[in-house]
Amino acid sequence: MNTFKKCFFVAAIAFCTANHTKAASLVVQDADYYTFFKVEKWTSLASVQALGITEENVNQRYECKRTPLMFACQHNAPIDVIEHLLGLGAKTDLLDQDFFSSVDIASEQGNFDIVACLLNNGAAANWTSVRFACRSGSFEIVKMLHEKRANLFYYDSGCSLPSAVHDACVGGNLDLVKYLVDNNVLNMVLQTEVKGTDSPLHVASTYGYVDIVQYFIDDMHFIVDAKGWNGETALIKVCHASVLVSDERRLATVKLLLQRGAAVNFIPEHEAVLGEFVKGRTAFANVASSLTNPAFAILLASHGADIDVSLNAGDPELAISRYTEEDQAAIRAAADAYKTAHA
């Protein structure tokens, strides 16, 4: 599962090795400094008991300032392990070096049972945990956190995913998105949204969740060609490989946006330094630049895309030149068919 602001293990190890003396208070000095990173150490109560965790050291800080309880959450340890650590006096309110709590970590893993156990043992339900649960697509965890009075109405204008609705579009759970809408979170987002930021439609399109994209367009009446970050539309967002999405999901999203009237030849523009405006890539130039599957270019060409557009504004290299001669012929055939049909 993708992790938001993950601890960089290699960097942490290098840091601890180079700063052995400084790290003494942070890392247990035994033959294996990095035992707690090993998933197999957390698969059973017996394996955890073998680590020698006691009431005296249960809140000891290890790599990335994580405690044994945090590692147990990270590795989806069985509930009896979580209960064992809590019984030893593990604190649920401690934060790691990235300011994440045990509930945050368990929410990111989408582990309902661990989150419930922590909350039932006095852990606080905070908006940060809602964020992680939304990003993991964990509808039931979000509901539970909300029932424990966690705030759904956060808006972080300095983040590319500022709200719970944006976060839920990363998790890809349509029921969760609808739950947030039903609880008026989307209304807050639309009233607060900063000009030039990506809307939930942009995010859902980027991640290729076609059902959420369709819901926003058909039911919530989002404008298909609304401009987001860098002046890009939802179609342009899904046409470059900024995140890892399967071709199947990406193609389905492109098809839906085109069916809903997305402008296939829109050229994004954004303000750069000293008020200068910079032109970006069209959808076709984006797929030529970052997606090797010619099916995207053929699909766009069959909907009237300008296939002789430059790869970059002012660049003599044509986007179509990135494809093989065989693929170029198929792309041009699709473009010619469109022109014939609309002559």
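Because the structure is predicted, anything quoted here is derived from the model rather than measured.
- Taking both residues in full, the closest heavy atoms of T43 and S47 are given as N-OG, 3.7 Å, listed atom of the first, atom of the second, then distance.
- In this structure a side-chain-to-backbone donor-acceptor pair under 3.5 Å is present from S136 to A133.
- The shortest distance between side-chain heavy atoms of L201 and I223 does not fall below 4.5 Å.
- With hydrogens and angles ignored, the 3.5 Å screen pairs no side-chain donor or acceptor of H202 with any backbone N or O of T197.
- Between L69 atom CG and Q74 atom CD the span is 11.5 Å, to the nearest 0.5 Å.
- To the nearest 0.5 angstrom, L300 atom CG is 6.0 Å from L258 atom CG.
- Contact of the T54 side chain with the L88 side chain is not registered, since no non-hydrogen atoms from C-beta on lie closer than 4.5 Å.
- Counting heavy atoms from C-beta on, the side chains of C169 and F216 come closer than 4.5 Å.
- Under the 4.5 Å side-chain criterion, counting only non-hydrogen atoms from C-beta, V309 is not in contact with L318.
- The closest donor-acceptor contact from the side chain of D198 to the backbone of S160 lies at 3.5 Å or more, if one exists at all.
- Closest of all the heavy-atom pairs between A164 and V185 is CB-CG1, 4.3 Å.
- A 4.5 Å side-chain heavy-atom check between E317 and R322 finds at least one atom pair inside the cut-off.
- Scanning both residues, I114 and N111, for their nearest heavy atoms gives N-OD1, 3.1 Å.
- In this structure the side chain of M188 never reaches within 4.5 angstrom of the side chain of V165, judged on heavy atoms.
- If you take CD on E83 and CG on L86, they are separated by 7.5 Å, rounding to the nearest 0.5 Å.
- K237 places a side-chain N or O within donor-acceptor distance of the main-chain N or O of W229, the cut-off being under 3.5 Å.
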Practice task
Kindly indicate, with the supporting measurements, whether the criterion side-chain hydrogen bond (donor to acceptor under 3.5 Å, both in side chains) is fulfilled by S246 and E248.
Solution key: CA-CA 5 Å; S246 70; E248 181 181 7; 5.1 Å; no
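- With hydrogens and angles ignored, the 3.5 Å screen pairs no side-chain donor or acceptor of S310 with any backbone N or O of P316.
- A ring-ring contact (aromatic ring centres under 6.0 Å, His included) check over residues 153-197, counting only residues at least two apart or in different chains, returns the pairs W127-Y154, F139-Y179, H146-Y179.
- When atom types are taken as modelled, the side chain of R250 and the backbone of V238 share a donor-acceptor pair closer than 3.5 angstrom.
- Side-chain atoms of L180 and C134, non-hydrogen and from C-beta on, do get closer than 4.5 Å to each other.
- Ion pair E232/R281 not flagged as a salt bridge, since none of the NZ, NE, NH1 or NH2 atoms sits closer than 4.0 Å to an Asp/Glu carboxylate oxygen.
- Taking all atoms of both residues into account, the shortest heavy-atom contact from S107 to L145 is OG-CD1, 4.2 Å.
- Looking at E326 and T324, their side chains never bring a donor and an acceptor atom within 3.5 Å of each other.
- Side chain to side chain, D306 and N265 fail the donor-acceptor criterion of an N or O pair below 3.5 Å.
- Two residues are said to be in side-chain contact when any heavy atoms from C-beta on lie closer than 4.5 Å; E140 and K143 meet this criterion.
- Here the CZ-OH distance, from F296 to Y323, works out to 9.0 Å after rounding to the nearest 0.5 Å.
- Counting only distance, with no hydrogens or angles, the side chain of S129 and the backbone of A125 share no donor-acceptor pair below 3.5 Å.
- Between R332 and D308 there is a salt bridge, since a side-chain N of the basic residue sits under 4.0 Å from a carboxylate O of the acidic one.
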Exercise for the section: May I have the step-by-step check of salt bridge (charged side-chain N to carboxylate O under 4.0 Å, His left out) for K65 and D96, ending in yes or no? Expected result: CA-CA 5 Å; K65 289 191 177 180; D96 69 8; over 6 Å; no
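- Cluster annotation: V39 is not connected to L51 through the hydrophobic network of ILVMFWY side chains, with a link wherever side-chain heavy atoms come within less than 4.5 Å.
- Using cut-offs of 30° and 60° for the angle between ring planes, the F71 and W42 rings count as parallel.
- Here the shortest heavy-atom pairing between M70 and R66 reads SD-CA, 3.5 Å.
- Between the side chain of T92 and the main chain of S102, no donor-acceptor pair closer than 3.5 Å is present.
- For N173 (side chain) and L176 (main-chain N/O), a donor-acceptor pair under 3.5 Å exists by modelled atom type.
- Rounding to the nearest 0.5 angstrom, the gap separating the OG atom in S163 from the CZ atom in R131 is 8.0 Å.
- With hydrophobic clusters built from ILVMFWY side chains whose heavy atoms lie under 4.5 angstrom apart, I212 shares a cluster with V245.
- Note that CG of N293 and CG of D247 are 4.5 Å apart. Values are rounded to the nearest 0.5 Å.
- Linking Ile, Leu, Val, Met, Phe, Trp and Tyr residues whenever their side-chain heavy atoms come within less than 4.5 Å leaves Y207 and I236 in two separate clusters.
- Nearest approach of G52 to N57, heavy atoms of both residues: O-ND2, 3.3 Å.
- At a threshold of 4.5 Å between side-chain heavy atoms, the hydrophobic network of Ile, Leu, Val, Met, Phe, Trp and Tyr places L95 and L118 in two separate groups.
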